[in-house]
Peer 1: 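What follows is a structure written as structure tokens; I'll ask about it next.
All values below were derived from every heavy atom in this structure, side-chain atoms included, with hydrogens, water molecules and symmetry-related copies excluded. Below, chain A is the first sequence line, B the second, and so on; all start at residue 1. Note that the structure is a prediction, hence the values are computed from the model and not measured.
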2 protein chains.
Amino acid sequence: MASLHDVARLAGVSKSTVSRVINDEYGVKEATKIKVRRAIEECGYVVNQVAKDLKSNKTNLIGIIVPRVASNAVSQGVDGLSKTFEQASKHVLLANSGLEAGKEIQYIELFNQKRVEGIVMFATHIDDALITAIKRSRAPVVLIGQDGSGYNIPSVIHDDYRVGYCAAEQLHRAGCRSVGFLGVKSDDIAVDRQRYDGFSNALNYIGLSTPQFHTQGQFSIDSGREEMTRLLADNQRPDGIFCATDRIAIGAIQAIIASDLKPGKDIKVVGVGNDEMASVVTPGLSTFAYAFEPAGSNAAKMLLEIIEQGRSQVAKLVLGFDWVPRQSC
Amino acid sequence: MASLHDVARLAGVSKSTVSRVINDEYGVKEATKIKVRRAIEECGYVVNQVAKDLKSNKTNLIGIIVPRVASNAVSQGVDGLSKTFEQASKHVLLANSGLEAGKEIQYIELFNQKRVEGIVMFATHIDDALITAIKRSRAPVVLIGQDGSGYNIPSVIHDDYRVGYCAAEQLHRAGCRSVGFLGVKSDDIAVDRQRYDGFSNALNYIGLSTPQFHTQGQFSIDSGREEMTRLLADNQRPDGIFCATDRIAIGAIQAIIASDLKPGKDIKVVGVGNDEMASVVTPGLSTFAYAFEPAGSNAAKMLLEIIEQGRSQVAKLVLGFDWVPRQSC
DNA sequence: TTGAAAGCGGTACCAC
DNA sequence: GTGGTACCGCTTTCAA
């Protein structure tokens, strides 16, 4: 592959001159410019950004770590991130941990070797190893989805506690007296713990009894259906359920229908996220719309501020949500 | 940031020795190894991959260009790509063109400057400028979603012609006599042209009349609903419709219901893709399941083969699909 | 077993 | 206006 040196030889000038032409610097005679441009064309020269990055000690690179791409929260978040970074002339390295433990940490190290200027990570959980890895990282890290601000890691999160609280209020307002929670594994603070706590505390405040149940399934329609089927078979008969995600809620609705009960009437159902699916199921799923793409663009802005100013004014950004009432509650 | 040189000074050895220790090479005395490792620890040295890449003239980098991430086809495809590349120790640069014309071409050039070893592109259309840019690219390019094999560009596509053909057969088998097509803009060869042609030719072969209509909307539920509403208002009364995508089909179903007709009975509806939404709408949407993640992993394998062998055995990979019958047809 | 030095492809300072 | 040269951080002979 042709280098500056080759171009210089071909044009009969020095590397310095070629460099000047390429970078549109002042003080090069028009005639030489033309010579050089012809030489560039002739040998198909393409700038070597690797060499430039080394020399300038700057990569304009941002690393993004995701557990998987094919999820509403992540794919929309990545769109928000990449658009914002693109505007700031940053380029994006994408790493997919595939939910394998330890992979995120490897990627943080790899990204530091690649001299990224910052890292955005979609977190599914937080543990000590991860925190240590983030602390060791030269490149600043911003978290999306889980709150790391307690460990001094800037984070963009959704208002998971309050969404649980509001869910209880909505179910109560709809006349429910006996309710439960379909959650996920408990090390997911944002999705399970926070939403459950908000829900539970609101029930308490309202004067209803604590949740009848708190299942711990997966992030899928199937899992929601199975958990709900099991509960109904167990003779659990709530009049309202709050589901940690819309997919779980949709599965629950299917189970309710399969038991010859009417979701939205016999049992009210509330989800979280406002997945597009929520708008097409029957009955329509009442849910809380989360701002997934803004989560990405805000995280990007925070990270850019940290990169440019050395620190961010905001330690934690909590995004609001909107209640989207449909037929299920 | 500490460099080899700093470590060497701290350990009282030469850069060469430090390099040997870092890369686990033979012939370094145990005692020196220990000295060096302590020095590395002490100054928090992290390998500079940029310098390594320059020196070795190898980046292990792959560029991926997408129109957006938040789409079923793309997000699943990217999962397939990133998993396969990860296994081959390649890293992924992600560029989001945001559907802006010309952006893809800029990214191809940028990726070449960054010395990526190959590029995968999710194409929404193909034009001369794009083909020229791909031809000029040093890094080999593999297309996903549109067929560039006619221009000698390796491509992974779905069997869009045949899906149209099968859709006609399914509608016919379900008793339809008068059918139409809800498409997208016609420069989308794969999604509009191919599916329509297969559909139309099958009708002809079967002995039914050609499609009553061929609309050109967007890739959205709303667009599908609007087009179908307009058709029904126009006194079009097909007994079957084939929709270029599941979202369009879901919109159409909504419009049919809003007109007090029964989708799946008065008007049969068939989609393409097997979006998860198709399984949760009522009536369930009959559709063809596309292999989005395999599209990604196969494209990755093709690209890796080209990078390693210099060329690929396969010029074009056509992925099959499965008929997923539900209530809408 | 270790070190000195050249070079990867650029940039930038200093001469001429 | 243009060229020579040192250097960014690493690897890799070649010598010692």
Peer 1: Donor-acceptor pair under 3.5 Å: do we get one between R115(B)'s side chain and the base of dG9(C)?
Peer 2: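 Per atom types, no contact qualifies.
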Peer 1: Looking across every strand, which nucleic acid part, if any, lies under 4.0 Å from T32(B) by heavy atom: base, sugar-phosphate, or nothing?
Peer 2: sugar-phosphate
Peer 1: Working to the nearest 0.5 angstrom, can you tell me the gap between N60(A) CG and E117(A) CD?
Peer 2: 5.0 Å
Peer 1: Rounding to an integer number of Å, can you tell me how far K58(A) NZ sits from dC7(D) P?
Peer 2: 24 Å
Peer 1: Between R20(B) and V47(B), which is nearer to the 5' end of DNA chain D once each is assigned its nearest nucleotide?
Peer 2: V47(B)
Peer 1: Taking only N and O in the side chain of K52(A), is any of them less than 4.0 Å away from OP1 or OP2 of dT11(C)?
Peer 2: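 Yes, within the criterion.
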Peer 1: Phosphate oxygens OP1/OP2 of dG3(D): is one of them under 4.0 Å from a side-chain N or O of T17(A)?
Peer 2: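 Checking dG3(D) against T17(A), a side-chain N or O does come within under 4.0 Å of OP1 or OP2.
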Peer 1: Look at all strands and tell whether V13(A) reaches a base, only sugar-phosphate, or nothing, counting heavy atoms closer than 4.0 Å.
Peer 2: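 Result for V13(A) = sugar-phosphate.
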Peer 1: Give N48(A) one of three labels, base, sugar-phosphate or nothing, depending on what nucleic acid heavy atoms sit under 4.0 Å from its own.
Peer 2: sugar-phosphate
Peer 1: Provide, to the nearest angstrom, the distance between the NZ atom belonging to K15(B) and the C1' atom belonging to dT1(C).
Peer 2: 19 Å
Peer 1: CD1 of I40(A) versus C1' of dG10(C): gap in Å, rounded?
Peer 2: 13 Å
Peer 1: Could you tell me the separation between the CD atom of Q113(A) and the P atom of dG9(D), rounded to a whole number of Å?
Peer 2: 16 Å
Peer 1: Just call it for S16(A): base, sugar-phosphate, or nothing, with non-hydrogen atoms closer than 4.0 Å on any strand.
Peer 2: base
Peer 1: For dT2(D), does OP1 or OP2 lie under 4.0 Å from any side-chain N or O of Y26(A)?
Peer 2: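 Y26(A) to dT2(D) OP1/OP2: no side-chain N or O under 4.0 Å.
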Peer 1: Just how far, in rounded Å, is P of dC10(D) from CD of E25(B)?
Peer 2: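 After rounding, the gap between these two atoms is 14 Å.
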Peer 1: Taking V13(B)'s backbone N and O only, do any of them form a donor-acceptor pair with T17(B)'s side chain (distance below 3.5 Å, no angle check)?
Peer 2: no
Peer 1: Hey, are the side chains of P154(B) and V314(B) touching, using non-hydrogen atoms and a 4.5 Å cut-off?
Peer 2: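 P154(B) does not reach V314(B) side chain to side chain.
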Peer 1: Are a donor atom and an acceptor atom from the side chains of N112(B) and S137(B) found within less than 3.5 Å of each other?
Peer 2: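 Yes, side-chain donor-acceptor contact under 3.5 Å.
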Peer 1: What is the distance from CG of N57(B) to C1' of dT11(D), rounded to the nearest Å?
Peer 2: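 To the nearest whole Å, that distance equals 13 Å.
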Peer 1: In whole Å, what is the span from the CZ atom of R9(A) to the P atom of dG9(C)?
Peer 2: 12 Å
Peer 1: Mapping G27(B) and L54(B) to their closest nucleotides on DNA chain C, which lands nearer the 5' end?
Peer 2: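 Checking each residue's closest nucleotide, the 5'-ward one belongs to G27(B).
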Peer 1: Going by the angle between their ring planes, with limits at 30° and 60°, are F292(B) and H158(B) parallel, tilted or perpendicular?
Peer 2: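 F292(B) and H158(B): perpendicular rings.
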Peer 1: Between dT2(C), dT11(D), dG3(D), spot the one nearest the side chain of S19(B), thanks.
Peer 2: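 Looking only at side-chain atoms, S19(B) lies closest to dT11(D).
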Peer 1: Do D159(B) and Q194(B) have a side chain donor and acceptor closer than 3.5 Å?
Peer 2: no
Peer 1: Atom CG of L4(A) to atom P of dA12(C): distance rounded to whole Å?
Peer 2: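 Rounded to the whole Å, the gap is 12 Å.
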Peer 1: Which of the following nucleotides, dG10(C), dT2(C), dC10(D), is nearest to the side chain of K29(B)?
Peer 2: dT2(C)
Peer 1: Is there a donor on the side chain of K55(B) or the base of dG9(D) sitting less than 3.5 Å from an acceptor on the other?
Peer 2: no
Peer 1: Tell me what N23(A) touches on the nucleic acid: a base, only sugar-phosphate, or nothing, going by heavy atoms under 4.0 Å.
Peer 2: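 Sugar-phosphate, no base atom in range.
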